[in-house]
Amino acid sequence: MTDNTNVDSINLIGQDEINLLATLKAFCLGDKSKISLSKEEWMGVYSKSLGQSVETFVNEVIYEDDQIPEEILEGLAKECRKTVLKNYRLFAFGKLITKALEEEGIKNVILKGMAAASMYSIPELRKSGDIDILLLNEKDFEKSIKVLELKGLKKSEEQHANHHMVMSYDRITVEIHTCMVEEFDDKAMNVFQKKLMEDIEENVTRVNCMGYEIPALKEAYNAYELLVHMLQHFLREGFGLRLITDWYMFWKQNISEEEKSKYLRLVNESKIKRFSDVITLICIEYLGLEEEKVRFMDIDHTIAYKDYLADILKAGEFGILENDRMIALKDDSLSEYVRVFHKQMHYNFPKAGKVFIIWPILWIATLFIFLRNNKKIRNNNSGMSYLKKAKDRSALVKELHLFK
């Protein structure tokens, strides 16, 4: 096959992943020329694409010839149909609920999903799992819940967050947010996120997605939200190539100098620029992003971005490919494991966790949840596998110098 990927990357991430990245690069660049792979290699690309939720992108650059097994062509076509049909429902419903909120004077924007899909030439091919609504005024939270309940949505039985409410309607999940992301494990970062909401109304626009006009964040805030969303998943279970492709699609656009400057200020003030550099370097090296588009970032090219790409590829879509992942640690000391376990307790029990007198009970409950999930979902992984994975990922976190 023909591609510009460095050969030494193969030892780090595997030939199937290299082939998948080359295929995604063709999709990003709109390159319809042949990618020459054997039947076995195509099987590898197809298998890896499923774990990364990018099979619909792969389908856009394949072609029918004897080297592509029929089961792959059929499998990709099936996944495309499912994604397109689901997106039609999500996009239409997203437009309906944002309009319903606006009619009641509740200002809001759509995060990720539909807003991210609007950056693609064929929006319906970008997989979306749910609808994320950000309220511009936290005081509208209870009112927004009542408005959506009148539209038939119901609160989900389990709620695992302090800053959003999960609701559902006919297998469609809607999350109502009062902040762009959930809390980080850093007080200063959380204060910064809350402060951003003070200026949110000045950073709202409207974008078109499949004929639907929706409220969304302007470029700088949109890019920042995409980045902190990736960062939050990286620090938890990880994320896959779909979000990397979103990043490419955003920066291939012509962004104004004002918005570029604003974005750079946001990542510098929140002290996450090295993570921004990592994701952008991956897009330049593997997806063909023009470096000129992001030269303003003054990227640190010495960062070992391939190590982070390897983690992204191992994780798959939100950690689906590895079931022995836990929250990424700041270091591998015993005190850090204890601190993270306590943090997980608060994540499992956001309301009860505020009552310190019952912490011992909640610690036991958190351990029970972990053991139950390890048995039912994670195939009884050994404690050592968790510790090793945590140690490896903590080294990556250290290199990012987050929030410092």
Minimum-distance pair of heavy atoms, taken over all atoms of Thr56 and Leu125: OG1-O, 2.6 Å
Intermediate values then yes/no, side chain to side chain contact (heavy atoms under 4.5 Å, CB included), Glu79 and Asn59: CA-CA 9 Å; Glu79 289 300 322; Asn59 189 65; over 6 Å; no
Derivation and outcome, side chain to side chain contact (heavy atoms under 4.5 Å, CB included), residues Leu150 and Leu148: CA-CA 5 Å; Leu150 289 175; Leu148 296 184; over 6 Å; no
Main-chain N/O of Gly44 paired to Ser47 side chain as donor or acceptor, under 3.5 Å: no
Residues, nucleotides or ligands: over 12 heavy atoms within 6.0 Å of Glu258 CD: no
Min side-chain heavy-atom separation Phe192-Phe403 under 4.5 Å: no
Under-4.0 Å salt bridge between Asp298 and Lys273: no
Side chain Gln193, main chain Asn190, donor-acceptor under 3.5 Å: no
Contact check, side chains of Lys86 and Ser128, non-hydrogen atoms, under 4.5 Å: no
Shortest non-hydrogen contact between Gln232 and Val181, atoms and distance: OE1-CB, 3.5 Å
Aromatic plane relationship, Phe250 with Trp247 - under 30° parallel, 30 to 60° tilted, over 60° perpendicular: parallel
Criterion side chain to side chain contact (heavy atoms under 4.5 Å, CB included) on Ile176 and Phe141, from CA distance to verdict: CA-CA 8 Å; Ile176 308 300; Phe141 185 70; 4.2 Å; yes
Pair Thr280, Tyr305: side-chain N/O donor-acceptor within cut-off below 3.5 Å: no
Test item: Leu20 and Val54 side chains (from C-beta on) under 4.5 Å apart, heavy atoms: yes
Closest contact, heavy atoms only, Thr245 versus Phe57: CG2-CE1, 3.8 Å
Any donor-acceptor pair under 3.5 Å from Glu17 side chain to Lys48 backbone: no
Donor-acceptor pair between Glu175 and His177 side chains, under 3.5 angstrom: yes
Side-chain heavy-atom pair Lys194, Cys179 within 4.5 angstrom cut-off: yes
Listed pairs under 3.5 Å, donor-acceptor, residues 107-119 side chains, sequence neighbours left out:
unit_1: Lys107; atom_1: NZ; unit_2: Glu201; atom_2: OE1; d: 2.8
unit_1: Asn108; atom_1: ND2; unit_2: Ile106; atom_2: O; d: 3.1
unit_1: Ser118; atom_1: OG; unit_2: Ala115; atom_2: O; d: 2.5

Sidechain-backbone polar pair: Arg274 side chain, His401 backbone, donor-acceptor under 3.5 Å: no
CD1-CD distance between Ile299 and Glu291, expressed to the nearest 0.5 angstrom: 6.0 Å
Side-chain donor-acceptor pair present, Gln15, Asn19, cut-off under 3.5 Å: yes
Considering all heavy atoms, the nearest Thr98-Lys95 contact: OG1-O, 3.0 Å
Audit row: Tyr221, Tyr263, ring pair (Phe, Tyr, Trp, His ring centres under 6.0 Å) steps and yes/no: CA-CA 7 Å; Tyr221 270 61; Tyr263 169 77; over 10 Å; no
Rounded distance (nearest 0.5 Å) linking atom CG of Leu396 with atom NZ of Lys398: 11.0 Å
Candidate pair Glu103 and Lys151, rule salt bridge (charged side-chain N to carboxylate O under 4.0 Å, His left out), full reasoning: CA-CA 13 Å; Glu103 288 175 347; Lys151 290 294 180 180; 5.5 Å; no
Residue pair Ile244 / Ile279, side-chain heavy-atom distance below 4.5 Å: yes
Closest non-hydrogen atom pair, Pro69 against Met43: CG-SD, 4.1 Å
Atom NZ of Lys271 with >12 non-hydrogen neighbours under 6.0 angstrom: no
Audit row: Glu292, Arg295, salt bridge (charged side-chain N to carboxylate O under 4.0 Å, His left out) steps and yes/no: CA-CA 5 Å; Glu292 187 60 37; Arg295 196 172 298 280; 2.9 Å; yes
Inter-residue atom distance Ile68.CD1 - Ile35.CD1, 0.5 Å rounding: 9.0 Å
Any side-chain heavy-atom pair of Cys283 and Trp251 under 4.5 Å: no
Donor-acceptor contact below 3.5 Å, side chain Asp31 vs main chain Ala26: no
Check: Met180 and Glu225 side chains under 4.5 Å, non-hydrogen atoms: yes
Ser270 versus Tyr224, side-chain donor and acceptor atoms under 3.5 Å: yes
Atom pair CD (Gln253) and NZ (Lys293), whose distance is rounded to the nearest 0.5 Å: 8.5 Å
Tyr169 atom OH, over 12 foreign heavy atoms within 6.0 Å: no
Check: Asn208 side chain, Glu213 main-chain N or O, donor-acceptor pair, under 3.5 Å: no
Within 6.0 angstrom of Arg171 CZ, more than 12 heavy atoms from elsewhere: no
Test applied, side chain to side chain contact (heavy atoms under 4.5 Å, CB included); reference residue, Phe234; option that passes from Leu243, Ile312, Val278, Val397: Val397
Side-chain donor or acceptor of Lys262 paired with backbone N/O of Glu257 under 3.5 Å: no
Over all atoms of both residues, closest heavy-atom pair of Asn87 and Pro123: ND2-O, 4.1 Å
Expected output: side-chain Asp311 to main-chain Asp307 donor-acceptor under 3.5 Å: no
Spacing of CE belonging to Met167 relative to CD1 belonging to Ile97, to within rounding of 0.5 Å: 9.5 Å
Centroid separation Tyr308 to Phe275 less than 6.0 Å: no
Polar side-chain atom of Asn268 near backbone of Leu264 as donor-acceptor pair, under 3.5 Å: yes
From Met249 atom CE to Ser121 atom OG, the distance as rounded to the nearest 0.5 Å: 6.5 Å
Residues, nucleotides or ligands: over 12 heavy atoms within 6.0 Å of Glu290 CD: no
Salt-bridge contact Glu149-Lys146 (side-chain N to carboxylate O under 4.0 Å): no
Lys127 (side chain) donor-acceptor with Arg242 (main chain) under 3.5 angstrom: no
Note, Leu217 side chain near Ile200 side chain (heavy atom, < 4.5 Å): yes
Test log, rule side chain to side chain contact (heavy atoms under 4.5 Å, CB included), inputs Ile282 and Leu287: CA-CA 7 Å; Ile282 290 171; Leu287 298 186; 5.8 Å; no
